[in-house]
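Following this message is one structure expressed as structure tokens.
Just follow the structure's listing: the first ligand is 1, and inside any ligand the first atom is 1.
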Amino acid sequence: MKVKMKNGSINTKTVELIKINNIYSLKLIDQTKLPHTLKYFTTSSYIQGITAIKEMIVRGAPAIGCTGVITLILGIQELVLNQEFSIPRILEIKKNIIEARPTAKDLESFVERFIAQINLNVINMEEYVKIANDLIGESENECMLIGQQSKHLISENMGILTHCNAGALATVDFGTALSPMRFANSENIKFKVFVNETRPRMQGLLTAWELYNEDIDFEYIVDNAAGFYMYLGKINLVIVGCDRVLKDGSVANKIGTLEKAVLAKAFGIPFYVAMPWSTFEPNLENASQIPIEYRNTKEIKTIGNCNNIVPDFYPTSNPAFDITPPEYITGFITKDGIIQDHELYDKFLKLNYKTS
Ligand code: MRU
């Protein structure tokens with residue numbers, strides 16, 4: 001992704017596997033520091049990799065999936081260096097990684113795909129790194145294709161609403177929901193993005209930061225304002241990302257997605273979900289089985305450095321995701337084109353995509 005700096009701009013990626021002094025490390029853009037400072041978080045410790053996922057130094061479904069794979073490589077490296085390697089220990093680390101954030105399918109699907117492809121009986125770090133980089137590259141490429149397949153949805157002077165951050169920061173690069181916007185912008189189509197702030201973690205700031213860096217017109221709005229802008233006729237299209245998509249087309253995504261979908265349907269505005277196949281869940285039958293992450297309520301009692309917005313003794317709860325039923329979704333944007341809920345499972349089977 002492009003980032004404007006004082007002396008021009010640089011290109012960077014959200015998640016990378018790097019080698020420093022012969023030791024493999026995880027390199028992440030530290031998303032807790034954005035939009036104010038571009039800082040990187042680097043570690044060769046698998047425990048720190050897990051913490052980075054939990055504390056949302058990296059967040060967004062494909063980004064945490066790729067981070068999970070690199071974290072597992074760090075785990076193997078650490079056990080080998082300490083002469084503590086055993087397959088049960090690796091499987092335990094794998095489990096801890098997958099449990100770091102429960103809702104996004106990608107964390108499980110990337111880590112399981114990786115472990116299914118490697119041979120743990122003959123340690124070969126170079127081979128593991130190659131397989132990891134292939135998976136990471138495939139994910140980046142899929143996001144690029146999502147954008148190319150759906151840029152035609154965006155036309156001159158449109159107002160587009162997006163929720164949370166399903167941009168390059170939530171993936172390796174390009175993003176899912178923001179990918180068509182990147183491609184439409186590169187073809188000089190003029191449109192405006194309405195960016196929901198996305199309380200409590202304010203991922204809207206990450207989206208605004210990406211759009212600012214790409215010179216895409218945007219307005220940052222509070223979550224409650226989306227309905228009013230729809231009422232005013234300023235929003236013609238909604239595109240969001242997803243964290244887990246069931247066979248029936250039910251979508252788990254950032255809390256607040258559901259109400260935007262219901263509003264969009266009420267106002268007759270097309271509502272699209274951009275979906276990499278790593279997010280598709282073939283194993284759960286019912287949306288009530290989706291593990292919804294409830295995060296620490298400290299996140300809603302504070303804003304930035306301001307503590308005690310909410311008195312500590314007030315009861316609070318902090319679900320991080322909600323579920324949008326398929327009847328509110330106009331279509332799923334995939335690398336293979338735009339498809340309908342009833343086509344999801346067939347396409348998935350045809351791709352022979354092994355998630356877990
Ligand atoms: O809690 P987060 O910031 O990890 O939630 C992210 C989202 O809900 C995104 O919309 C989703 O992961 C899609 S990312 C391409």
Side-chain angles (χ1 to χ4, degrees), residues 1 13-15 28-32 34-35 52-68 100-110 136 139-147 150 161-182 195-210 223 238-245 251-261 271-281 290-296 299-300 318-324 329 332-335:
M1 90 196 77
K13 289 195 199 304
T14 304
V15 185
L28 301 170
I29 293 181
D30 185 343
Q31 301 192 34
T32 63
L34 291 174
I53 297 171
K54 281 189 179 156
E55 301 294 321
M56 296 174 70
I57 288 170
V58 61
R59 31 67 49 203
I64 59 175
C66 294
T67 303
R101 292 203 69 196
T103 303
K105 175 71 178 177
D106 303 57
L107 190 48
E108 179 190 330
S109 57
F110 272 95
I136 293 167
S139 177
E140 179 177 345
N141 192 50
E142 183 167 12
C143 288
M144 187 186 75
L145 292 172
I146 282 174
S150 58
L161 179 75
T162 192
H163 189 64
C164 192
N165 171 267
L169 289 166
T171 60
V172 181
D173 208 343
F174 297 98
T176 57
L178 293 200
S179 189
M181 302 182 203
R182 283 195 152 80
V195 180
N196 284 327
E197 71 176 347
T198 320
R199 274 275 286 152
R201 295 289 304 211
M202 317 300 259
Q203 286 93 333
L205 285 174
L206 305 173
T207 296
W209 181 77
E210 287 191 38
D223 297 319
V238 185
I239 313 180
V240 296
C242 49
D243 284 85
R244 201 179 283 245
V245 177
V251 170
N253 192 48
K254 180 53 52 196
I255 191 80
T257 303
L258 168 62
E259 60 186 45
K260 307 304 176 296
F271 183 98
Y272 287 93
V273 173
M275 185 199 74
W277 288 104
S278 48
T279 312
F280 185 72
E281 169 61 85
I290 298 176
I292 297 290
E293 176 183 10
Y294 280 72
R295 293 186 62 84
N296 196 314
E299 290 182 347
I300 55 176
N318 187 16
F321 299 93
D322 60 25
I323 293 160
T324 302
I329 297 165
F332 291 83
I333 305 172
T334 72
K335 73 174 176 58

Kindly state each residue pair satisfying side chain to side chain donor-acceptor pair (under 3.5 Å) with at least one member in residues 166-182, sequence neighbours excluded.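 Non-adjacent pairs meeting side chain to side chain donor-acceptor pair (under 3.5 Å): Arg182-Glu210, Arg182-Glu214.
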Roughly how far, to the nearest 0.5 Å, is CZ of Phe174 from OG of Ser139?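 Ser139 OG to Phe174 CZ: 11.0 Å, rounded to 0.5 Å.
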Sequence neighbours left out, what passes side chain to side chain contact (heavy atoms under 4.5 Å, CB included) with Ala252? Give chain and number order. Thr103, Arg244, Ile290, Ile323
Could you list each nitrogen or oxygen of ligand 1 that sits under 3.5 Å from a protein nitrogen or oxygen, with the atom names and the distance?
unit_1	atom_1	unit_2	atom_2	d
ligand 1	1 (O)	Arg101	NH1	3.3
ligand 1	1 (O)	Arg101	NH2	2.8
ligand 1	1 (O)	Lys254	NZ	2.7
ligand 1	3 (O)	Arg59	NE	2.8
ligand 1	3 (O)	Arg59	NH2	3.2
ligand 1	3 (O)	Gln203	NE2	2.8
ligand 1	4 (O)	Gly60	N	2.9
ligand 1	4 (O)	Arg101	NH1	2.8
ligand 1	8 (O)	Asp243	OD1	2.8
ligand 1	8 (O)	Asn253	OD1	3.1
ligand 1	8 (O)	Lys254	N	3.3
ligand 1	10 (O)	Asn253	OD1	2.7
ligand 1	12 (O)	Ala61	N	2.9
ligand 1	12 (O)	Asp243	OD1	3.2
ligand 1	12 (O)	Asp243	OD2	3.0

Please tell me if the side chains of Met1 and Ile29 come closer than 4.5 Å, counting only heavy atoms from C-beta onward. yes
side-chain contact (heavy atoms from CB on, under 4.5 Å) between Phe321 and Arg101, intermediate numbers included: CA-CA 11 Å; Phe321 299 93; Arg101 292 203 69 196; 3.6 Å; yes
Test: salt bridge (Lys or Arg N to Asp or Glu O under 4.0 Å). Region: residues 196-205. Which pairs qualify, not counting sequence neighbours?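 Every pair satisfying salt bridge (Lys or Arg N to Asp or Glu O under 4.0 Å) with a residue in residues 196-205: Arg201-Glu299.
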